[in-house]
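Structure, as structure tokens:
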Amino acid sequence: MLKGKKITVGIAGGIAAYKAAELVSGLVQSGTVVNVIMTDAARQFVQPLTFATLAGNAVYTSMFDERYTGEITHLDLAQKADLLVIVPATANIIAKAAHGIADDLLSTVILATGGPVMICPAMNTVMYNNPVVQQNIAKLRQLGYYFVGPASGSLACGTSGLGRMKAPQEILQVIKQIFTGGDLAGVKVLISAGPTLEPLDPVRYIANRSSGKMGYHLAEVAMERGGEVILVSGPVQLPAPAGVQLVKVETARQMHQAIIENFNAVDVVIKAAAVTDYRPKQVAAEKIKKNEDQLLLSLQKNPDILAELGRLKQHQILVGFAAETNNLEQYAQAKLKNKNLDLLVANNVSMPGAGFDVDTNIVKIFCQNGTVTELPLMSKRAVASRILDLVVRCRNEQSEQ
Ligand code: PMT
């Protein structure tokens with residue numbers, strides 16, 4: 001699938017530059033013709049010889065290299081490549097790309113590239129979260145640049161958080177999917193994620209502990225596999241995955257409206273959101289004063305979005321989640337049946353490493369045809385892949401009927 005493809009790999013100056021060697025090696029082993037460009041800063045971290053040896057090609061480091069008068073010019077590096085991958089992408093190279101600055105070979109090649117560009121950010125969490133960096137990323141996303149990562153984890157600066165470069169094998173996987181189209185190519189997937197917040201007064205709300213991680217991983221993996229993803233998300237602290245259409249909502253009723261509006265146009269719905277089941281009957285116009293020892297709240301049930309989709313369902317594959325603390329199997333089977341679902345992903349949220357606000361999950365997936373897939377503790381990204389494998393299987397079975 002990558003055989004004969006020409007990929008230009010641009011390496012910027014971050015400690016993760018050493019990991020790009022594994023990516024270059026993987027690309028070459030997959031039959032890709034790789035040209036490597038290194039910035040001056042990148043060469044402070046890794047020697048060009050490493051990449052020249054792995055790629056079997058000289059490494060390009062300067063705008064004013066005599067090789068550009070020969071067979072390959074800097075425009076060839078940009079325009080004859082099937083893909084340009086920037087790995088690792090620093091805040092600096094992202095800023096240059098977002099603002100059209102071309103003051104060295106890599107930034108010039110980015111500007112001269114008409115084809116797909118993939119950016120794999122790696123930097124300190126505070127830098128990544130800086131609104132300037134986020135604005136640059138948002139601008140490039142809007143212009144159609146692919147973003148892969150960053151991931152969360154321990155960082156070279158000694159801290160831990162978002163900003164770690166995605167593993168080379170995962171980046172390679174995404175590159176392969178870009179060229180094959182992926183098994184969800186052209187499939188419209190609607191995913192809900194995060195909590196809903198139900199206001200009590202202008203400063204307080206009722207909510208739950210959902211971080212959105214499960215749903216955001218589903219959106220990211222579905223997109224990487226070629227899906228056209230709409231992500232309806234409650235308030236979370238996560239960046240939207242590259243290429244997805246993000247619809248931000250706050251309350252269950254807003255989530256309900258956003259999902260119903262899109263339902264007819266999509267092929268798959270995955271409801272990973274933790275919808276707050278009840279909302280205050282009255283929302284106070286002013287901040288409620290703590291004058292009384294007791295405050296009684298009257299709550300009203302929110303619409304059960306998933307149950308409504310089950311009733312409206314036509315061609316769509318419908319996937320629900322069940323967050324349980326006991327009787328997992330029994331409650332899961334009941335939800336699968338009562339809500340007319342194709343798949344039900346059940347997590348026992350009282351188990352360590354499962355459920356809310358952790359990077360891993362432990363799930364049992366119940367299928368309408370009676371099969372049950374029990375998965376051990378694994379990353380939420382890996383769980384997302386397994387759920388999507390089953391979605392693809394359901395779609396194949398549906399088209400055979
Ligand atoms: O976001 P994370 O921190 O990563 O945590 C992941 C998760 C624990 C939130 C996720 O794995 C999960 O279990 N999501 C579903 C949580 C939930 O609300 O479960 P439930 O059993 O209460 O609801 C069953 C299903 O009905 C869910 O698909 C839910 O989205 C849907 N629902 C529930 C209530 C409602 N009013 N409308 C709905 O559509």
Side-chain angles (χ1 to χ4, degrees), residues 152 162 190-198 206-221 231-238 241 249-260 262-263 268-279 299-313 316-366 375 377-384 386-387 391:
S152 272
L162 198 60
L190 191 157
I191 293 166
S192 76
T196 65
L197 310 189
E198 309 299 333
I206 300 175
N208 57 62
R209 296 175 188 279
S210 171
S211 63
K213 288 179 184 174
M214 190 65 249
Y216 275 58
H217 278 298
L218 278 159
E220 186 176 54
V221 177
L231 176 61
V232 178
S233 175
V236 296
Q237 304 296 319
L238 298 172
V249 296
E250 208 163 78
T251 64
R253 283 182 295 172
Q254 289 167 359
M255 184 171 275
H256 174 254
Q257 191 186 344
I259 289 177
I260 295 297
N262 284 288
F263 187 57
V268 177
V269 178
I270 308 179
K271 285 224 69 248
V275 183
T276 305
D277 289 316
Y278 289 88
R279 66 176 183 276
L299 302 177
Q300 179 167 358
K301 208 167 188 184
N302 271 324
D304 188 326
I305 308 165
L306 189 57
E308 187 171 337
L309 299 184
R311 289 191 291 275
L312 296 172
K313 183 168 99 166
Q316 293 90 347
I317 299 293
L318 203 50
V319 184
F321 270 71
E324 308 294 353
T325 53
N326 59 326
N327 296 337
L328 181 92
E329 178 126 11
Q330 183 192 338
Y331 291 144
Q333 293 282 17
K335 280 178 186 163
L336 178 74
K337 187 160 175 276
N338 298 342
K339 298 193 181 191
N340 189 22
L341 309 178
D342 297 277
L343 294 170
L344 188 284
V345 183
N347 36 197
N348 182 337
V349 294
S350 61
M351 288 172 81
F356 293 94
D357 202 13
V358 284
D359 293 324
T360 53
N361 210 350
I362 307 168
V363 304
K364 254 187 179 182
I365 309 174
F366 298 82
L375 300 178
L377 175 82
M378 51 171 71
S379 70
K380 279 186 174 163
R381 186 181 159 90
V383 172
R386 299 295 293 271
I387 295 170
V391 166

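Only a predicted model underlies this, so the values are computations on that prediction, with no experimental measurement involved. Order of listing sets the numbers, starting from 1, for every ligand and every atom in it.
Protein residues having at least one heavy atom under 4.0 Å from any atom of ligand 1 are S210, S211, G212, K213, M214, K271, A272, A273, A274, V275, D277, P303, D304, I305, L306, G320, F321, A322, A323, K335, K339, N347, G355, F356, D357, N361, K380, listed by chain and number.
For E324 and K335, the salt-bridge test passes: some basic side-chain N is under 4.0 Å from an acidic carboxylate O.
When all heavy atoms of L328 and N348 are compared, the pair lying nearest together is CD1-N, 3.6 Å.
Looking only at distances, no side-chain donor or acceptor of T325 sits under 3.5 Å from a matching main-chain atom of S350. Under the 3.5 Å distance criterion, the side-chain polar atoms of T276 are matched with a main-chain donor or acceptor of T196. A donor-acceptor distance shorter than 3.5 angstrom exists from the side chain of N347 to the backbone of A322, with no hydrogens or angles considered. Panel note: side chain K380, backbone G355; a donor-acceptor pair is recorded below 3.5 Å.
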